[in-house]
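I have placed the structure first, in the form of structure tokens, so that the comments after it can refer back to it.
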There are 2 protein chains.
Amino acid sequence: MNNSNRTVISRRSRPAKEPLSKDLIVKTALELLKNEGSSGLSMRKIAKALDTGPSSLYVYVTNLQELSAYVLDYGLDKVVLPDAQDGSWKTNLFDALNSYLTVLYESPGIAELALTTIPVGSHSLALMEYILGRLHEGGIRSTSAAWGVDLLLLYATSVAFEQASRDQKGTTLNTILTSYESLDVMRYPMIANLRDELLSSGERFRWGLEVILQGILQRQD
Amino acid sequence: MNNSNRTVISRRSRPAKEPLSKDLIVKTALELLKNEGSSGLSMRKIAKALDTGPSSLYVYVTNLQELSAYVLDYGLDKVVLPDAQDGSWKTNLFDALNSYLTVLYESPGIAELALTTIPVGSHSLALMEYILGRLHEGGIRSTSAAWGVDLLLLYATSVAFEQASRDQKGTTLNTILTSYESLDVMRYPMIANLRDELLSSGERFRWGLEVILQGILQRQD
DNA sequence: ACCTGAACACCGTTCAAGT
DNA sequence: ACCTGAACACCGTTCAAGT
């Protein structure tokens, strides 16, 4: 089966072992994150997937935190920013944020990263730049625009993350449901009253975006 | 010093060892979280602080995740909800959120927990109930109110968390600064232009709250 | 310059055994 | 009913040693 019995062992399971590189490490890490969730993003697991020891990774990456930032940005590769020439600024803005949301939905781990990692990669920057551009088209500038990007991205990220946490574990959803169901109507009359709406989703994302946009448009400075 | 030399060893360093209890565990955990940040919240460290082994904790708490939820809620103990009789609904709403923000500022670890833990404890519920009440006073009901609470709390939490991440490490701030400073003006003209505003804070929190409120008020359904 | 093995100092959780 | 010790299966990171 192998033409020599000295050192080289046949590798049929993998498409020939690529040499290690930052790129390959990030790619592998993202794959693990997508498949196993946030617990898949570990130095040891990445190393194992690359058929090496964890210490080998430190040649290309200073630590897990830095690697996480790379993985986040690489994960945002698939976000689609519509041609700004085509639709209205608002439609384009919503479409871009929707694309961002979709990417995060598809891998909850990325949503978690996005929530806790400061975005400095090129894909994050491209998305921010795009949103700023649309806001500018819409006549929103300066401070409002600067803070608006933050607020819009934060909102999208957290909607994705919440959705993800709920999907991830049936337990979690059950926990919430039982918690809200057994709510003390005397102590929390308003929450008890709104129970259904608090848990509904769907239109929610759109609603939030509209609210934020409307608020920003009003409050020009 | 001790009246018997059999089993009981003198305990002068601690105010007499209290028996273990869920309450004591949560209290100790919160203390550790406040002092050491999120890495302080570990079963083993809590156990050590309580002078016992980690396995002892599992009598009172099913796992770390559950404990975290308790710790979060206990941490929100100090949030002040002003008497609804006194000021305007808007002032009261802002004051409550400001108090929430202050509590999170004081211990970044709690902010992190708040961002990633579904709030089901009594203090979280009380805060939600209070905000819903103020929104109701302001004429905001039903869906808008339900989603509005979420949005307002999310916003406050994340402002605190971002601030915390920046304070925690001088490194992080430096990373952002150098990243933005060396920004490719050709590729990201809008970001480069708004660099200063993107990093400023202070008025920021208030601005976001106003934006969200204004947006909600407009968009009644 | 890159890779490896072994070690250090940690994790959460379980479980049989003690009181 | 509670506590303990020891173990299992993990972590991130470092470092001397190899090629």
Side-chain angles (χ1 to χ4, degrees), chain A residues 6-9 11 14 16-26 28-30 32-33 35-72 109 112-113 116-117 168-169 171-172, chain B residues 4 6-9 11 14 16-30 32-33 35-72 109 112-113 116-117 168-169 171-172:
Chain A
R6 277 236 245 93
T7 36
V8 180
I9 303 156
R11 288 200 182 80
R14 276 175 213 267
K17 187 175 181 178
E18 298 174 66
L20 230 44
S21 72
K22 189 178 120 176
D23 221 71
L24 182 61
I25 292 173
V26 173
T28 311
L30 181 58
L32 277 165
L33 181 67
N35 294 336
E36 302 182 25
S38 53
S39 76
L41 195 65
S42 95
M43 291 304 227
R44 295 186 111 101
K45 282 183 181 163
I46 297 164
K48 190 168 281 176
L50 288 166
D51 222 343
T52 180
S55 46
S56 304
L57 307 178
Y58 287 85
V59 181
Y60 303 95
V61 134
T62 48
N63 53 36
L64 180 62
Q65 191 192 303
E66 194 196 277
L67 175 57
S68 300
Y70 293 138
V71 171
L72 168 61
E112 197 170 345
L113 272 187
T116 50
T117 309
Q168 208 176 350
K169 284 201 169 188
T171 341
T172 325
Chain B
S4 130
R6 279 233 245 93
T7 37
V8 180
I9 302 155
R11 288 197 184 84
R14 275 178 214 266
K17 188 175 182 179
E18 299 172 67
L20 230 46
S21 71
K22 190 178 120 177
D23 221 71
L24 182 61
I25 293 173
V26 173
K27 223 173 270 186
T28 309
L30 180 58
L32 278 164
L33 182 67
N35 294 336
E36 302 182 24
S38 53
S39 76
L41 195 65
S42 95
M43 291 303 226
R44 293 184 112 101
K45 282 182 182 164
I46 297 164
K48 190 168 283 176
L50 288 167
D51 222 343
T52 180
S55 46
S56 303
L57 306 179
Y58 287 84
V59 181
Y60 303 95
V61 134
T62 48
N63 53 37
L64 181 63
Q65 192 193 302
E66 195 196 277
L67 176 57
S68 300
Y70 292 139
V71 171
L72 168 60
E112 197 170 345
L113 272 188
T116 51
T117 309
Q168 207 177 350
K169 284 200 170 189
T171 342
T172 325

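Just so it is clear: chains get the letters A, B, ... in the order the sequence lines come, proteins before strands, and each one is counted from 1.
Rounded to an integer number of Å, the gap from CE of B:Met43 to P of C:dT13 is 5 Å. Between the CD1 atom of A:Ile46 and the P atom of D:dT13 there is a distance of 11 Å, rounded to whole Å. C:dC2 atom P lies 14 Å from atom CG of A:Leu57, rounded to whole Å. One atom, CG of B:Leu64, and another, C1' of D:dC11, lie 14 Å apart when rounded to the nearest Å. D:dG12 atom C1' lies 12 Å from atom CG of A:Leu67, rounded to whole Å. We find that CZ of B:Arg44 is positioned 13 Å from P of D:dA6, with the value rounded to whole Å. Atom pair A:Glu36:CD and D:dA9:P shows a separation of 17 Å (rounding to whole Å applied). For the pair B:Leu50 CG and D:dC2 P, the interatomic distance rounds to 16 Å; values are reported in whole Å.
Spacing between D:dC10 and C:dA9 at atom P, rounded to whole Å, works out to 22 Å.
Note that the CD1 atom of B:Ile25 and the OH atom of B:Tyr58 stand 10.5 Å from one another [nearest 0.5 Å]. Taking CG of B:Leu24 as the start and CD1 of B:Ile46 as the end, the distance is 10.5 Å to the nearest 0.5 Å. Expressed to the nearest 0.5 Å, how far NZ of B:Lys27 lies from OG of B:Ser21 amounts to 7.5 Å. Here the OG1 atom belonging to A:Thr28 is positioned 12.5 Å from the CG atom belonging to A:Leu33, to the nearest 0.5 angstrom. Atom CG of residue B:Asp23 and atom OH of residue B:Tyr60 lie 11.5 Å apart, to the nearest 0.5 angstrom.
Judged by closest nucleotide on DNA chain C, A:Val59 is the one of A:Val59 and A:Pro54 placed further toward the 5' end.
The side chain of A:Tyr60 lies closest to C:dC3 when the candidates are C:dC11, C:dA7, C:dC3. Out of D:dG12, C:dC3, C:dT13, the shortest distance to the side chain of A:Leu20 is found at C:dC3. Minimum atom distance to the side chain of B:Ser42 is reached by C:dC11, of the listed C:dC11, C:dT13, D:dT13.
Contact annotation: A:Tyr58 side-chain N/O to C:dC2 OP1/OP2 distance is not under 4.0 Å. Residue A:Lys45 has a polar side-chain atom (N or O) positioned under 4.0 Å from OP1 or OP2 of D:dC11. One finds no side-chain N or O of A:Ser55 lying less than 4.0 angstrom from the OP1 or OP2 phosphate oxygen of D:dT13. When the side-chain nitrogen and oxygen atoms of A:Ser56 are compared with OP1 and OP2 of C:dT4, one or more of them lie within a distance under 4.0 Å.
Across all strands shown, nothing is found opposite C:dC10 as a Watson-Crick or G-U wobble partner with both distances under 3.5 Å. A 3.5 Å limit on both hydrogen-bonding distances identifies C:dC15 as the Watson-Crick or G-U partner of D:dG5.
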